[in-house]
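For clarity, every value in this text was computed on a predicted model and none was experimentally measured. Order of the sequence lines fixes the chain letters, A, B, ..., with proteins taken first and strands second; residue numbering starts at 1 for each chain.
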There are 2 protein chains.
Amino acid sequence: MKLSTKGQYGVRAMFDLAQHFGQGPVSLKLVAERQDISEHYLEQIIAGLRKAGLVNSIRGAQGGYILSKEPSAITVGDIIRVLEGPVAPVDCVNEELTERCARADQCITKMIWAKVRDSIEQVIDGITLADMVKEAEKMRFAEGNYMYHI
Amino acid sequence: MKLSTKGQYGVRAMFDLAQHFGQGPVSLKLVAERQDISEHYLEQIIAGLRKAGLVNSIRGAQGGYILSKEPSAITVGDIIRVLEGPVAPVDCVNEELTERCARADQCITKMIWAKVRDSIEQVIDGITLADMVKEAEKMRFAEGNYMYHI
DNA sequence: AGAAATCCTATTAAAATAGTAGGATTTATT
DNA sequence: AATAAATCCTACTATTTTAATAGGATTTCT
């Protein structure tokens, strides 16, 4: 029940792009530095996100990546599905596969995996990049870095 | 975000033992046949469950395995934690590790993984083997029609 | 022209997965 | 006592996945 680094890094990279949304393209070099991820590896990860239409790229010097939609329109679930495939703890509750399970008693366990899947989806589809940015702001505020003492 | 076959098979095997709870030891051969799992592989899986104290074994002819507790006292979460390790989509929310993440902005993503973890735990810790047996009974009564996928 | 960037394909080392293989030991039954 | 049925145990292995690395080709700003 682990998320691979691909999914983790992907969410962090997209979060980084969200934090700089509206400031023009962000180079992978910067993202990789800030998020402490191998730039070359991140390239592969973002390639998937680009092909899925979640980010746009601008080539050449001063180029980089920009979210294709507003941060409020991209959920963590969107990112994870691109990088990790459909959310499904086991294949028999994978909605993209249509194979049928032959075994009746298996349906009992299947019900469980469906519930697990649904609960995961409810969490990751309910959190947008905008939520994350907002949360990060809140944390910075709570830390006192941006606060005047009374 | 996949459960390995170990976890899947383990839950199915324990469900099988629960269905025959009170009827003496059940041999792995039977479980493996009924659940369509390699007997040899199942051996390894149940060894873990035995060492964790979830099942008791009786050696020799007519031996087999018995749940160490009532089906109502064993949850799906108990089984999965033994076979798959602690529920944690990423290590930074693994409660058995005590390493700290150095990066502040990572805490935002960490919060997400913690929510995912909690929602998974809520599901799997809330379902006992007794619940599964009961559900299976219900389905058998609602019989006649093929069991369809949820 | 040169630098900064994305884009692309291939390779690889390590780990995890999903079993197999082959026997040693224990115990009920005959 | 012999046999068969079962658990127990260690090791091996093939395949796949993971997490990168390598090495360029291409595009575009300055």
Side-chain angles (χ1 to χ4, degrees), chain A residues 1-13 16-17 20 23-68 80 83-85 89-91, chain B residues 1-13 16-17 20 23-68 80 83-86 88-91:
Chain A
M1 294 289 269
K2 284 270 185 290
L3 205 65
S4 74
T5 56
K6 231 167 150 177
Q8 295 176 53
Y9 293 174
V11 171
R12 264 158 61 190
D16 195 284
L17 293 185
H20 299 89
Q23 303 170 19
V26 181
S27 75
L28 270 200
K29 197 184 171 209
L30 277 178
V31 176
E33 262 169 28
R34 281 194 294 246
Q35 299 297 327
D36 196 25
I37 302 170
S38 147
E39 191 185 342
H40 233 348
Y41 189 30
L42 194 51
E43 245 178 48
Q44 289 173 45
I45 293 169
I46 205 128
L49 296 168
R50 180 175 53 78
K51 278 163 197 162
L54 292 183
V55 298
N56 295 326
S57 64
I58 293 163
R59 300 188 68 173
Q62 269 42 264
Y65 294 88
I66 305 181
L67 297 183
S68 67
I80 289 184
L83 297 174
E84 305 268 340
V90 315
D91 276 340
Chain B
M1 295 288 269
K2 284 269 184 292
L3 205 65
S4 73
T5 55
K6 233 168 149 176
Q8 294 176 53
Y9 293 174
V11 170
R12 265 159 60 190
D16 195 284
L17 292 186
H20 300 89
Q23 303 170 20
V26 181
S27 75
L28 272 200
K29 198 185 170 208
L30 276 179
V31 176
E33 260 169 30
R34 282 194 293 247
Q35 300 297 326
D36 196 24
I37 302 170
S38 146
E39 191 185 339
H40 234 347
Y41 189 30
L42 194 52
E43 244 178 45
Q44 288 173 46
I45 293 169
I46 204 127
L49 296 168
R50 182 176 51 79
K51 278 164 197 161
L54 292 183
V55 297
N56 294 325
S57 65
I58 293 162
R59 301 188 68 174
Q62 270 40 265
Y65 295 88
I66 305 180
L67 297 182
S68 67
I80 289 185
L83 298 175
E84 306 267 339
V90 314
D91 276 339

Approximate separation, where rounding is to 0.5 Å, of Asp36(A) CG and Leu42(A) CG:
11.5 Å
I'd like to check the side chain to side chain contact (heavy atoms under 4.5 Å, CB included) partners of Leu83(B); sequence neighbours left out, ordered by chain and number.
Ile45(B), Leu49(B), Ile79(B)
Gap between atoms CG and P, on Asp36(A) and dA20(D) respectively (whole Å):
10 Å
Whole Å only: how far is the CD1 atom of Ile45(A) from the C1' atom of dT6(C)?
16 Å
Side-chain atoms of residues 51-67 of chain B: list all donor-acceptor pairs with protein atoms under 3.5 Å, sequence neighbours left out, distances to 0.1 Å.
none

Short side-chain N/O contact to dA5(D) OP1/OP2 from Ser27(B), under 4.0 Å:
no
Taking only side-chain N and O atoms of Tyr65(B), does any of them lie within less than 4.0 angstrom of OP1 or OP2 on dC8(D)?
yes
Could you work out, with side chain to side chain donor-acceptor pair (under 3.5 Å) as the rule, every residue matching Thr5(B), not counting sequence neighbours?
Tyr41(B)
Listed pairs, N/O of protein and of nucleotides 14-17 of chain D, under 3.5 Å:
none

Would you check if Lys2(A) and Gln8(A) make a side-chain contact, meaning some heavy-atom pair closer than 4.5 Å?
no
Does Thr5(A) make a side-chain N or O approach to OP1 or OP2 of dA19(D) shorter than 4.0 Å?
yes
Can you give one letter per nucleotide of nucleotides 22-30 of chain D, 5' to 3': B if a protein heavy atom sits under 4.0 Å from the base, S if only from the sugar-phosphate, - if neither?
BB--BBBB-
Given axes from five pairs at either end, by how many degrees does the helix from dA1(C)-dT30(D) to dT30(C)-dA1(D) bend, rounded to 10°?
10°
Is there a side-chain contact between Arg12(A) and Leu17(A), using heavy atoms and a 4.5 Å cut-off?
no
Just N and O in the side chain of Tyr9(B): are any of them under 4.0 Å from OP1 or OP2 of dA18(C)?
no
Please confirm whether the shortest side-chain N or O distance from Ser57(B) to OP1 or OP2 of dA6(D) is below 4.0 Å.
no
With a cut-off of less than 4.0 Å, is there a side-chain N or O of Arg50(B) near OP1 or OP2 of dT7(D)?
no
